[in-house]
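Take a look at the structure below.
None of the values given here were measured: they were computed from a predicted structure. All values below were derived from every heavy atom in this structure, side-chain atoms included, with hydrogens, water molecules and symmetry-related copies excluded.
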Amino acid sequence: MLGKGETPGHQNPPQHKDDDDDDAPHGVVKLISAEGFEFVVDKKAAMVSNTLRNMLTSPGGFSETREGEVRFPEISTPILEKICQYFYWSLHYSSGKETSEFQIEPEITLELMMAANYLDT
């Protein structure tokens, strides 16, 4: 859309998702739990998971790469929420300069470990 007094030659080229460097962690990613709850997280945080990194950056036209969303039919909402918390915790403490224990409730430990194993986190 042109503003008043602008000519077509002065427009900025439209930004397309394909024009961006897919390896650069920018933007957001939507992670969808088994119950359909959507978590919108920074792509940089999602890249803590090697599985998500591969899904989101693979050159093959995968729907996850194109759409920026990943569905987890086997991961419940409370577990996916804890995983998202871990992504941000991991980013914050990855430098090693400061440390803090990541709190995990005992009742979700087994399910969380299975999800973390799948996500390679």
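Scanning for side chain to side chain contact (heavy atoms under 4.5 Å, CB included) contacts around Leu91 gives Lys44, Ala45, Val48, with sequence neighbours left out. Annotation: ring-ring contact (aromatic ring centres under 6.0 Å, His included) contacts of Tyr88 (sequence neighbours excluded): none.
Residues Val28 and Val41 have side chains not in contact (no heavy-atom distance under 4.5 Å, counting atoms from C-beta outward).
For Glu107, the CD atom is densely surrounded, since the number of other residues' heavy atoms within 6.0 Å is greater than 12. Within 6.0 Å of atom CD in Glu35, more than 12 heavy atoms from other residues, nucleotides or ligands are found, so the atom counts as buried in its surroundings.
Taken from CD1 in Ile79 to SG in Cys84, the straight-line distance is 11.5 Å, to the nearest 0.5 Å. For the atom pair CH2 (Trp89) and OG (Ser100), the distance works out to 7.0 Å, reported to the nearest 0.5 Å. Once rounded to the nearest 0.5 Å, the distance linking CE of Met47 with CZ of Arg53 reads 5.5 Å. The distance from the CG atom of Leu119 to the CG atom of Leu31 is 8.5 Å, given to the nearest 0.5 Å. Here the CD1-CZ distance, from Ile75 to Phe37, works out to 15.0 Å after rounding to the nearest 0.5 Å. The CE atom of Met55 sits 12.5 Å away from atom CD of Glu69, with the distance rounded to the nearest 0.5 Å.
Aromatic ring orientation, Tyr118 versus Phe72: perpendicular (interplanar angle above 60°, classes split at 30° and 60°).
A donor atom on one side chain and an acceptor atom on the other are found under 3.5 Å apart for Glu111 and Ser76.
No continuous path of hydrophobic side-chain contacts links Ile108 to Leu110 [ILVMFWY only; heavy atoms under 4.5 Å].
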Run the side-chain contact (heavy atoms from CB on, under 4.5 Å) check on Ile104 and Tyr86 step by step: do they pass?
-> CA-CA 10 Å; Ile104 299 173; Tyr86 174 77; over 6 Å; no
Show your working on side-chain contact (heavy atoms from CB on, under 4.5 Å) between Glu67 and Lys30 and close with a plain yes or no.
-> CA-CA 9 Å; Glu67 298 169 12; Lys30 190 183 298 184; over 6 Å; no
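Here the closest heavy-atom approach between residue Thr109 and residue Pro106 is recorded as OG1-O, 3.1 Å.
In terms of modelled atom types and a separation under 3.5 Å, the side chain of Ser49 and the main chain of Asp120 share no donor-acceptor contact. In this structure, the side chain of Asn117 does not engage the main chain of Met113 through any donor-acceptor pair within 3.5 Å. Proximity of a side-chain donor or acceptor of Ser33 to a complementary backbone N or O of Pro78 within less than 3.5 Å is not detected. A donor-acceptor pair is defined here as one N or O able to donate and one able to accept, closer than 3.5 Å; no such pair exists between the side chain of Ser90 and the backbone of Phe87.
Here the options are Ile83, Thr77, Ile32, the test is side chain to side chain contact (heavy atoms under 4.5 Å, CB included), and the partner is Phe39; only Thr77 passes.
With respect to Arg66 and Glu64, no salt bridge is recorded, no charged nitrogen being found less than 4.0 Å from a carboxylate O. By the 4.0 Å N-to-carboxylate-O rule, Glu105 lies close enough to Lys82 to be salt-bridged with it.
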